Structures are given as structure tokens and as C-alpha cells.
Amino acid sequence: MSEYFNAADIFGENVFNDTVMQERLPKKVYQKLKDTIKEGKELDLATADVIAHEMKEWAIEKGATHYTHWFQPLTGVTAEKHDSFIGAPMENGKVLMGFSGKELIKGEPDASSFPSGGLRATFEARGYTAWDCTSPAFVRQDAAGMILCVPTAFCSYTGEALDQKTPLLRSMEAINKQSIRLLRLFGNTTSRKARPSVGAEQEYFLVDREKYLRRKDLIFTGRTLFGAMPPKGQEMEDHYFGSIRERIASYMRDVNKELWKLGVPAKTQHNEVAPAQHEIAPIFEEANIAVDHNQLVMETLKKVAGRHGMTCLLHEKPFAGVNGSGKHNNWSITTDDGINMLDPGKTPHENVQFLLVLCCILKAVDTHADLLRESAADVGNDHRLGANEAPPAILSVFLGEQLQDVLSQLISTGEATHSLSGGRLETGVKTLPDFAKDATDRNRTSPFAFTGNKFEFRMVGSIDSISESNVVLNTIVAEAFAEACDELEQAENFGMAVHDLIKRYATEHQRIIFNGNGYSDEWVAEAERRGLPNIRSMVDAIPALTTEKAVALFEKFGVFTRAELESRAEIQYEAYSKSINIEARAMIDIASKQIIPAVVKATIEIADSIIKVKEACNANVSVQTGLLTEISDLLSEAKYALSTLQDVTEKAAKMEDGREKAVYYKDTVRAAMDALRAPVDKLEMLVDKDRWPMPSYGDLIFEV
């Protein structure tokens with residue numbers, strides 16, 4: 001029988017949260033720390049020493065022996081270096097356990113092997129981690145024991161950001177400042193801070209561990225490079241929201257327990273569309289904490305899967321022919337006194353502040369559609385975006401009928417006089433209640449959809465950090481707010497000026513609004529007519545980082561320098577090339593050592609059986625002969641494609657890192673990979689299953 005636990009009792013028990021700090025810290029120290037968190041005041045070393053001591057004592061009571069500065073370099077995963085609390089041995093052979101304020105505030109990991117995009121030479125090793133006190137420390141338990149994890153930013157010796165957190169914190173400061181400016185224009189004198197709130201829905205696949213270990217492609221790349229579709233895929237739609245099987249439910253239970261202990265507010269869990277695909281979603285949190293927590297979600301999903309004899313796949317497209325996985329980034333702006341700036345109220349046509357916020361966001365997304373698309377660009381997402389499972393690669397905004405109608409009134413007549421209401425939903429069954437329905441339906445094909453009091457950015461890939469997307473969202477909206485405030489603060493008649501500004505923004509940026517089917521070919525043509533960018537691949541998206549428009553934007557708000565943007569572009573080109581190179585080499589290895597030898601053996605066995613049948617009874621062997629011919633032809637095609645892939649991969653490896661190399665991998669190497677996969681997948685359908693050298697799609701996604 002499963003161990004009983006109460007979620008409320010264990011929630012946050014492994015977090016050095018506000019409750020723990022109030023209990024353990026002296027009042028003055030606690031207040032100084034709160035002032036630092038709320039107002040950005042500097043924390044003196046003496047205060048940090050007290051905090052560090054209490055944090056250490058709390059962690060040791062939990063069983064911790066080591067601490068680490070937990071940070072997020074530009075590798076796509078988190079990083080950590082463990083140091084024990086043990087100090088220098090004393091004369092009596094004993095040791096004291098220590099953790100100083102200096103050790104809490106600053107760490108010094110070797111920075112030479114992390115991606116820097118040319119910001120740092122290989123021999124220049126020094127880098128710093130700096131304590132981010134806005135995200136609480138926590139104790140994590142695994143096979144290594146209990147480790148105190150201190151969330152930190154990571155920068156180079158010369159001050160450039162080498163991580164995901166530093167620019168996120170900068171962007172949060174930018175949108176906070178500009179949001180407060182906007183609120184003051186509308187007479188709000190009580191709100192002191194405005195922070196982006198984020199809820200990140202996380203999709204993932206689970207496969208049996210033993211089968212996973214027999215698939216080199218999954219081990220090396222996270223996705224299947226070969227694989228024929230089974231007779232059944234997701235077409236029956238019976239997995240989506242279906243009853244959760246016991247093995248998966250047991251896994252989900254343990255995931256929730258781990259996350260709740262870490263203070264992650266995991267809320268929703270369900271089966272997703274594809275077989276073996278699932279989702280977990282948290283409650284909204286401040287963006288910085290939400291980013292940290294999403295990293296913990298991904299780490300926990302993978303760690304707990306191993307305990308249940310499974311492997312968690314976070315790749316955006318682990319299986320061809322069924323839906324891939326994304327990560328919907330739900331974003332809004334909330335003040336410290338509880339005002340959601342994206343809440344339209346019951347009569348949005350009368351809510352002038354909301355209409356200005358809405359039109360500023362439309363302007364931001366339209367002006368910087370290329371940047372927002374780039375923020376969701378990665379290698380795996382190239383397989384997903386634009387398919388009938390994910391939003392298209394074209395940025396557009398879904399507003400729904402109610403807000404669309406309000407803006408249409410403003411654009412056509414200059415006045416919005418009414419808002420559409422939702423009415424009541426009548427089921428036609430007497431025993432079921434009728435209830436008020438929302439004024440707007442939802443649109444799952446939209447990449448950036450308004451969903452009541454937030455925007456849902458649906459492009460983000462399942463394995464990615466959500467930091468980059470929120471950095472871009474925060475900064476582009478901060479720019480739009482700033483430009484609006486610059487104009488309105490100079491206006492003689494504020495009411496007339498804000499009315500005219502809303503109408504102008506709505507008119508100038510209405511092309512970005514699309515409420516229809518984003519999967520249709522008609523929309524692709526319509527988007528081109530409107531002049532909206534259709535950026536189909538990661539390689540094509542990367543240049544958006546270094547345009548003069550982007551540099552001016554990020555430097556204006558202190559989020560990135562030109563050098564930091566150029567370095568990130570170089571890192572992404574290199575990451576793309578490395579990822580495709582690994583995939584190509586894995587295909588070569590699997591085809592050469594497993595698939596082709598297995599197929600050759602199969603052809604020999606068929607040929608031997610033909611000879612034996614003829615010798616025994618001189619029967620008709622046309623079926624066997626036809627099968628042998630078909631397999632041999634496909635084998636020849638596969639061998640030729642393999643040779644081609646080997647040649648282009650070798651050529652690509654000799655090229656210098658940069659855009660040209662990444663483009664070659666995208667256009668030439670990936671085409672060669674597709675050419676090899678095609679005959680191999682056909683061969684899988686012809687060769688005896690017992691002779692095929694790896695588990696099939698059916699084995700992987702239906703036998704979990």
C-alpha cells in the first residue's frame with residue numbers, strides 16, 4: 001500500500017522559505033533581507049553571515065552535508081559544484097561545520113568550459129556565481145544525500161551574463177519600472193512593484209527503461225532517429241485526458257511529493273494527446289521563481305522516472321508521426337497589492353487601463369515578432385512548430401470574439417460602446433446545471449493567445465528553459481509601456497491622449513491579430529500578405545538576436561549588451577551544429593552496426609529458405625523472391641544514403657563554427673538524414689520483428 005501523506009503538511013518542508021526565515025532569523029536580520037528582496041537594497045556582509053549560519057544549521061538538521069551554488073549556464077541544464085560544510089581540522093582532530101556570508105553571497109566555479117560565445121577565452125577560467133535572494137534556497141535529496149542548493153546568477157570575470165537568470169532579473173526590473181509608470185498615469189499611488197507572473201505547463205513522454213537502453217538514438221539524442229509507425233497512433237484520441245494507468249499514476253504521485261517538498265506548486269496532471277505523453281502544470285508564480293521551479297520540475301521528472309523503471313523524454317519530438325511536446329508559458333503582470341494588469345474586467349470596453357496595456361502588448365509582439373519567435377527556437381522545436389500539434393512558426397495573437405469586437409469598434413468608429421457577453425451554457429439536460437460561459441472560446445492553434453487574464457505563449461519547447469521567452473516578453477512589453485508613457489506624460493488632456501493612443505496602436509498593429517485556424521494553408525498565405533514573418537527553423541531565427549533593432553531594445557533597458565547578444569547568437573549556432581552532428585553520427589553508428597547487419601542476415605535467411613524450398617518440392621517461391629528483391633533494393637538505397645550521410649557529416653565537421661556551418665547542417669546534413677531514415681523505416685516493416693535490432697514504436701509508446 002502506498003505511503004500516506006498530506007500535501008499541505010509536506011509543502012515547502014525542504015525550502016528555506018519566509019516562514020523558516022521568520023522563525024530562525026533575528027527580527028532585524030529578517031527585515032533587512034526582506035528589504036533586499038522587495039526593494040533591491042544592498043545586503044551587508046554581517047547580515048549575510050547571520051543568514052548563512054541559520055541556513056546552514058537548518059540544512060544540517062535536514063541531513064545536508066554539502067552546499068552548492070545552483071545556477072543555469074547556457075547549456076540548457078542547471079549546474080552545481082558541491083562543497084561540504086566541513087572546515088579545517090582542529091588540533092583535537094575534530095572539525096567545525098561552517099558556512100559564511102561570503103560563501104553564501106559569492107561562489108567561484110570554473111567558467112572556462114561553459115558556453116560563452118567568444119566572451120571568454122578557453123584559458124580564462126574565472127567566473128562568479130552571485131546569490132539570488134529573491135528565489136529561496138532549498139535542500140534537495142538524491143543518491144548523493146541532502147544538498148543545500150542556493151539559487152544564483154552566473155557571470156564572467158569581466159561582468160557579462162553567462163546564464164539564463166541574470167538577463168531575466170534585468171528584464172523584470174525593466175518591466176517593473178515601466179509598469180509602475182503606466183499605473184501612476186491612471187492614478188494608482190499604492191502599487192509599489194509590478195512583476196511578471198508565469199505558469200509553465202510541462203509536457204513529457206515516459207518509456208520503459210529497459211526498452212530505452214536498447215535504443216542508442218534515444219540515449220544519444222533524446223529522440224528516435226529511425227522508427228516506423230505502428231498500426232495505431234493517436235488517431236483514436238483515447239489517450240488524451242484518459243484514465244491514468246497505475247504505473248504512471250504511481251510515478252506522478254512521487255513526482256508531486258518531491259515537488260511539493262521543494263515548494264513547487266504542482267497543480268494539474270493528465271495524459272496528453274500522444275500515447276505515453278503526459279503533462280504537469282503548476283500554479284502561477286513570480287517569473288524568476290517560476291523559471292527556477294520549471295528547472296526543478298524537469299530534473300524531478302527525469303530523476304523519479306528512474307526509480308519506477310522508466311525514462312522521461314523531454315525532447316520536443318521524440319517520435320515521428322505523433323504529437324511532440326511543448327511548454328506553454330502563461331504570462332501576466334501582477335502588482336504587489338494584487339492587481340492583474342491583464343484582467344479586462346466584466347466590461348473591457350470601459351476599462352481604459354486594460355485596453356492600453358493590451359494594445360501595448362499587441363504593438364510589442366508585432367514589432368518584435370522575430371525576437372519572440374527566436375526565444376522559442378531550438379533544434380528539437382524545428383520538428384514541432386507548424387505541425388498539426390503546435391502553433392505555427394508565424395507569430396500572431398488570438399484575442400477572441402469579445403476583445404476583437406472591442407478593438408474593431410475602436411478602429412472603425414473611434415469609440416467602444418459595448419462588450420460581448422458570454423451568456424449561459426444550456427446543456428439540454430434537466431439534471432445538469434446551466435451556467436455562465438466565457439465570452440470567448442480558446443484557440444489551440446495560436447502561438448500567443450489571450451486566455452482571460454493572461455497571455456499563453458505556446459511556442460516554447462518542452463526541454464527549454466522558459467527564461468529566454470520571458471526575458472523577451474518582459475523587455476518588449478517594457479519598451480511598449482515606456483513609449484506610451486513618454487507620450488502620455490506630456491499630454492495636456494490625458495483622457496483624450498490615451499483614447500487616441502489606444503486607437504492608433506490598435507489600428508497600426510491589427511495585422512498581428514488572428515483568431516482563425518493557424519494550421520491552415522490559407523493562414524500561411526494570409527500572413528505573407530500581411531507581412532508577418534514565417535521563420536521556420538532555429539538557424540533562420542538566430543539572426544533576430546543581433547539586429548540593430550534588438551541591440552537598441554536590450555541595451556536601452558540594460559538587459560543585454562551587444563557583446564552578450566552576439567555571444568548568444570554564436571552559442572546557438574554552435575549548439576545547433578553540435579546537436580545535428582550528434583544525431584547524424586548516431587544514425588551512422590546505428591545503421592552501420594545494427595540495422596544493415598541485421599537486414600543482411602535477414603536476406604541471407606530468406607535466400608537460404610528459397611533454395612531449400614526449391615530443392616524440397618520445387619514449389620512457387622515468387623513471394624519469397626519478391627520479398628527478397630524488395631528488401632535488397634531498400635538495403636541498397638539505405639547503404640547509398642548512409643555513404644552520403646557519412647560524406648556530408650565529415651565535410652560539416654571540418655567547417656569553422658558559425659552561421660555557415662549551422663546552415664550546412666540544416667540544409668544538407670538533415671536532408672541526408674531524412675534520406676537514410678526513409679528506406680530504413682520501410683525495412684522495419686518488412687524484416688521479422690525478432691530480427692529487428694531495436695524496440696519498435698509500438699513497444700515504446702504502448703508498452704509503458
Side-chain angles (χ1 to χ4, degrees), residues 207-208 210-218 223-236 238 274-276 317-322 383 387 583-649 668-703:
V207 297
D208 184 81
E210 185 274 329
K211 296 183 178 74
Y212 164 85
L213 292 173
R214 292 167 55 200
R215 295 279 316 209
K216 286 187 177 181
D217 48 3
L218 284 178
R223 75 179 183 101
T224 52
L225 301 172
F226 301 103
M229 276 297 296
K232 179 186 177 184
Q234 64 187 46
E235 59 270 29
M236 297 302 295
D238 52 348
K317 194 72 171 178
F319 303 103
V322 296
H383 298 282
E583 289 188 354
R585 289 170 57 197
M587 287 190 86
I588 291 167
D589 183 78
I590 295 166
S592 300
K593 297 178 181 178
Q594 292 183 273
I595 293 171
I596 289 179
V599 176
V600 168
K601 287 181 181 178
T603 59
I604 292 172
E605 290 175 0
I606 295 171
D608 287 344
S609 70
I610 292 172
I611 293 170
K612 290 177 181 178
V613 170
K614 277 192 171 184
E615 289 177 350
C617 59
N618 197 29
N620 185 339
V621 290
S622 59
V623 173
Q624 296 93 318
T625 303
L627 179 60
L628 179 59
T629 300
E630 186 177 1
I631 291 176
S632 297
D633 288 345
L634 287 170
L635 183 60
S636 177
E637 182 183 342
K639 184 64 176 72
Y640 177 80
L642 173 61
S643 298
T644 302
L645 180 58
Q646 289 171 321
D647 291 342
V648 297
T649 303
T668 306
V669 177
R670 278 191 56 178
M673 292 168 62
D674 292 341
L676 176 56
R677 177 167 186 160
V680 169
D681 286 358
K682 292 176 183 176
L683 284 167
E684 184 180 352
M685 301 299 293
L686 298 173
V687 174
D688 189 331
K689 178 177 172 60
D690 292 338
R691 290 170 176 76
W692 196 251
M694 63 186 73
S696 68
Y697 270 24
D699 298 331
L700 289 165
I701 64 177
F702 284 106
E703 299 180 16

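It should be emphasised that the depicted structure is a prediction, and the values quoted were computed from it without experimental measurement. Numbering of residues begins at 1 and proceeds along the displayed sequence.
Taking the salt bridge (charged side-chain N to carboxylate O under 4.0 Å, His left out) definition, one finds that R585 meets it with nothing, sequence neighbours left out. Looking at residues two or more places apart in sequence or on another chain, you find no side chain to side chain contact (heavy atoms under 4.5 Å, CB included) involving D674. Residues that satisfy the salt bridge (charged side-chain N to carboxylate O under 4.0 Å, His left out) test with K639, not counting sequence neighbours, are absent from this structure. Residues passing the salt bridge (charged side-chain N to carboxylate O under 4.0 Å, His left out) test with K211 are E703, sequence neighbours excluded.
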| request: Show your working on side chain to side chain contact (heavy atoms under 4.5 Å, CB included) between V680 and M587 and close with a plain yes or no. | output: CA-CA 11 Å; V680 169; M587 287 190 86; over 6 Å; no
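Across every non-hydrogen atom of P230 and Y697, the tightest pair is CD-CB, 3.7 Å. Nearest heavy atoms, A591 versus L642: CB-CD1, 4.2 Å. What you find for A320 and R677 is that their closest heavy atoms are CB-NH2, 3.6 Å. Nearest heavy atom pair, residue M229 against residue G321, reads SD-CA, 3.8 Å. Between P318 and R223, the shortest heavy-atom contact is CA-CB, 3.7 Å. What you find for G233 and P275 is that their closest heavy atoms are O-CG, 3.5 Å.
No donor-acceptor distance shorter than 3.5 angstrom exists from the side chain of R215 to the backbone of M694, with no hydrogens or angles considered. Remark: side-chain polar atoms of K317 are paired, donor with acceptor, to backbone N or O of V322 under 3.5 angstrom.
Counting only residues at least two apart or on different chains, the side-chain hydrogen bond (donor to acceptor under 3.5 Å, both in side chains) pairs with a member in residues 594-609 are E605-R691.
The local environment of NZ in K682 is sparse, with at most 12 non-hydrogen atoms from other residues, nucleotides or ligands closer than 6.0 Å. With a 6.0 Å radius and a threshold of 12 heavy atoms from other residues, nucleotides or ligands, Y640 has its OH atom at or below the threshold.
Once rounded to the nearest 0.5 Å, the distance linking CD of E684 with OG of S696 reads 6.0 Å. How far CZ of F319 is from CG of L700: 5.0 Å, rounded to the nearest 0.5 Å. One distance of note links CG of L686 with CH2 of W692; it measures 9.0 Å at 0.5 Å rounding. How far CZ of R670 is from CE of M673: 7.5 Å, rounded to the nearest 0.5 Å. One finds the CD1 atom of I595 at 7.5 Å from the CG atom of L676 (value rounded to the nearest 0.5 Å). For the atom pair CD1 of I590 and CG of L225, the computed distance is 5.5 Å after rounding to the nearest 0.5 Å.
Salt-bridge check for D238 with K232: passed, with a basic side-chain N closer than 4.0 Å to an acidic carboxylate O. A salt bridge does not link D699 to R214: none of the charged nitrogens lies less than 4.0 Å from a carboxylate oxygen.
Inspection of the T644 and D647 side chains reveals no N or O donor paired with an N or O acceptor under 3.5 Å.
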Ignoring hydrogens and angles, write down the donor-acceptor pairs under 3.5 Å from the side chains of residues 624-638, residues two or more places apart or on other chains.
| residue | atom | partner | partner atom | Å |
| --- | --- | --- | --- | --- |
| T625 | OG1 | V621 | O | 2.8 |
| T629 | OG1 | T625 | O | 2.9 |
| S632 | OG | L628 | O | 2.8 |

